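Written below as structure tokens is the structure these notes are about.
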Amino acid sequence: MELRQLGYFVAVAEELSFTKASRRLRVVQSGVSTAIRALEKEVGAPLFERDSRHVRLTDAGLAMLPEARATLAAARSAHDAVRESRGELHGSIVLGTLLSTASIDVPALLGRFHREHPRVRIRMQHSPSGSAGQISTLLDGTTDLAFVAFPRRPPAGLISEALDEDALALVCAEDHPLTRARKVTPEQLNEAGFVDFPQGWGSRDMVDLAFERAGLDRVVPLEVPGYDSLSALVRDGHGVAFVPRSMARTLPGLTIVPVAMEPLRWTLSIAISATRPLSRAGHALLTAIRAAAPH
């Protein structure tokens with residue numbers, strides 16, 4: 001079994017397409033197909049189900065994928081260790097990020113890190129399913145470390161560390177009737193309707209949990225993928241929203257309204273796998289993230 005074959009296998013498994021995998025690898029498609037067939041012959045089981053339109057992992061392929069990723073990561077670490085013996089930090093890191101990272105300026109952090117370690121390659125990865133998506137990529141090995149927000153206890157298989165905390169603030173349009181209330185009740189909020197992110201986002205799950213504990217079924221008629229669309233809909237009077245207070249201050253045309261419920265605290269954490277060791281470059285980035293967090 002060759003590392004090249006494992007690399008081809010992981011690329012096809014992640015793309016679920018031989019064509020896309022060959023483009024990503026910059027290898028002709030026939031070469032990828034030949035390598036996969038040889039690998040299947042060696043392990044004695046088909047790794048993919050193929051038809052004219054779809055490529056799917058078989059049970060054997062699903063079982064092999066995390067081990068293949070771990071093997072490739074170990075090979076990269078060994079290669080990087082030789083380079084680092086010459087005095088420079090090398091390697092590649094996939095960093096999962098969120099739309100809001102409270103008071104941590106991630107671009108500035110990465111800029112400083114790049115100046116100190118120019119040979120380290122960093123790829124930032126955003127998940128459309130928020131923290132839930134980042135957790136999934138950490139567990140399956142496609143992300144090395146990630147910013148996350150947990151409404152509940154972190155799941156098994158992860159190690160997390162709190163970096164910063166922010167209150168969730170309720171925002172509505174400046175001319176919304178709720179701005180005249182001294183404190184808005186959860187029942188009034190449900191009547192107004194919410195604009196929010198999809199389930200799986202830390203702030204969304206936190207507010208859902210708070211309403212669930214209050215015995216209310218929160219109504220979210222409008223789900224959006226980012227702050228621009230959220231603020232536009234709220235500003236036009238289509239609902240209200242809970243967002244981190246640090247972010248609320250930056251959204252034009254919106255007013256923060258006090259709410260008659262327990263304060264909601266949104267905690268930003270950095271998480272890594274509990275079973276897959278970080279590379280030296282990953283440890284260096286984790287140290288830089290800790291240093292950038294408020295003290």
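Model, not experiment: these values are computed from the prediction.
Rounded to the nearest 0.5 Å, atoms CZ (Phe147) and OG1 (Thr101) are 6.0 Å apart. Interatomic distance, CE of Met206 versus CZ of Phe211, reported as 13.5 Å (0.5 Å rounding). Thr275 contributes atom OG1, which lies 10.5 Å from atom CG of Leu138 (distance to the nearest 0.5 angstrom). Note that the CZ atom of Arg218 and the CG atom of Leu209 stand 11.0 Å from one another [nearest 0.5 Å]. With rounding to the nearest 0.5 angstrom, the CD atom of Gln29 is 10.5 Å from the OG1 atom of Thr34. Taking CG of Asp196 as the start and CD of Glu223 as the end, the distance is 7.5 Å to the nearest 0.5 Å.
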Could you check Thr142 against Arg69 for side-chain contact (heavy atoms from CB on, under 4.5 Å), going step by step and ending with a plain yes or no? CA-CA 8 Å; Thr142 54; Arg69 284 173 173 153; 3.1 Å; yes
Between Gln5 and Glu42, is the side-chain contact (heavy atoms from CB on, under 4.5 Å) condition met? List the steps. CA-CA 11 Å; Gln5 292 173 317; Glu42 185 167 350; 3.9 Å; yes
Passes side-chain contact (heavy atoms from CB on, under 4.5 Å), Val234 versus His176? Steps please. CA-CA 9 Å; Val234 173; His176 197 285; over 6 Å; no
side-chain contact (heavy atoms from CB on, under 4.5 Å) between Leu98 and His126: does it pass, once the steps are laid out? CA-CA 6 Å; Leu98 304 174; His126 172 71; 5.8 Å; no
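For Arg182, the CZ atom sits in a loose shell: 12 or fewer heavy atoms of surrounding residues, nucleotides or ligands are nearer than 6.0 Å. Atom CZ of Arg23 has 12 or fewer heavy atoms from other residues, nucleotides or ligands within 6.0 Å. Environment of CG in Asp217: sparse, with no more than 12 heavy atoms of neighbouring residues, nucleotides or ligands closer than 6.0 Å. For NE2 of His114, the number of neighbouring non-hydrogen atoms (other residues, nucleotides, ligands) closer than 6.0 Å is 12 at most.
Side chain of Ser17 to main chain of Lys20: a donor-acceptor pair is present (N/O by atom type, distance under 3.5 Å, no hydrogens or angles). The closest donor-acceptor contact from the side chain of Thr143 to the backbone of Leu145 lies at 3.5 Å or more, if one exists at all. Here the side chain of Asp166 pairs no donor or acceptor atom with the backbone of Pro244 at under 3.5 angstrom. Not one N or O on the side chain of Asp164 forms a donor-acceptor pair closer than 3.5 Å with the backbone of Leu268. A donor-acceptor contact shorter than 3.5 Å links the side chain of Thr58 to the backbone of Pro46. Under a 3.5 Å cut-off, the side chain of Ser131 and the backbone N or O of Ala149 do form a donor-acceptor pair. Without hydrogens or angle criteria, Asn190 side chain to Val219 main chain gives a donor-acceptor distance under 3.5 Å. At least one donor-acceptor pair closer than 3.5 Å links the side chain of Arg235 to the backbone N or O of Pro252. Not a single donor-acceptor pair under 3.5 Å links the side chain of Arg280 to the backbone N or O of Gly91. Formation of a donor-acceptor pair under 3.5 Å by the Gln134 side chain with backbone atoms of Gln125 is found in this model.
Residues Leu285 and Leu110 form a side-chain contact, since some pair of their non-hydrogen atoms from C-beta on lies under 4.5 Å apart. Side-chain contact between Val195 and Val240: absent, with no pair of heavy atoms (C-beta onward) separated by less than 4.5 Å. Residues Leu189 and Leu178 form a side-chain contact, since some pair of their non-hydrogen atoms from C-beta on lies under 4.5 Å apart. Taking the side chain as every heavy atom from C-beta outward, Tyr8 and Phe18 never approach each other to under 4.5 Å. Proximity of Met261 to Val184: side-chain heavy atoms (C-beta onward) are nowhere separated by under 4.5 Å. No side-chain heavy atom of Arg121 sits less than 4.5 Å from a side-chain heavy atom of His90. Contact of the Asp205 side chain with the Gln199 side chain is registered, since non-hydrogen atoms from C-beta on lie closer than 4.5 Å. Counting only heavy atoms from C-beta outward, the side chains of Ser203 and Phe242 never approach each other to under 4.5 Å.
Stacking of Arg56 on the aromatic ring of Phe48 is not recorded, the 6.0 Å distance cut-off and the 45° axial limit not both being met.
Between Pro225 and Leu99, the shortest heavy-atom distance links the atoms O-CD1, 3.5 Å. In this structure, Asp144 and Ser92 approach most closely via the heavy-atom pair OD2-O, 4.1 Å. Residues Val224 and Pro198 share a closest heavy-atom pair of O-CD, 3.3 Å. Among all heavy-atom pairs drawn from Ser100 and Trp266, the shortest one is O-CH2, 3.3 Å. Residues Ala167 and Arg265 share a closest heavy-atom pair of CB-NH1, 3.2 Å. Pairing each heavy atom of Leu62 with each of Pro66, the nearest pair is O-CD, 3.3 Å.
Under a hydrophobic-cluster definition in which Ile, Leu, Val, Met, Phe, Trp and Tyr are linked whenever side-chain heavy atoms come within less than 4.5 Å, directly or via other members, Leu222 and Val171 are assigned to the same cluster. Residue Leu168 is not grouped with residue Phe150 when hydrophobic side chains (ILVMFWY) are merged at heavy-atom distances under 4.5 angstrom, including chains of intermediate members. Transitive grouping of hydrophobic side chains (ILVMFWY, heavy atoms separated by less than 4.5 Å) keeps Val243 and Val259 in distinct clusters. The same ILVMFWY cluster, assembled from side-chain heavy atoms under 4.5 Å apart, contains both Val106 and Ile272. Note on Ile270: it does not cluster hydrophobically with Val94, by side-chain heavy-atom contacts below 4.5 Å among ILVMFWY residues.
Neither side chain, Ser269 nor Ser160, offers a donor N or O lying under 3.5 Å from an acceptor on the other.
Ring-plane geometry between Phe197 and Trp201 is classed as parallel, the angle between the planes falling under 30 degrees on a 0 to 90 degree scale with a further cut at 60.
Using a 4.0 Å cut-off between charged side-chain N and carboxylate O, Glu14 and Arg24 make a salt bridge. The pair Arg50-Glu40 meets the salt-bridge criterion, with a side-chain N (NZ, NE, NH1 or NH2) lying under 4.0 Å from an Asp/Glu carboxylate O. Between Glu165 and Arg245 there is no salt bridge, since no side-chain nitrogen of the basic residue lies less than 4.0 Å from a carboxylate oxygen of the acidic one.
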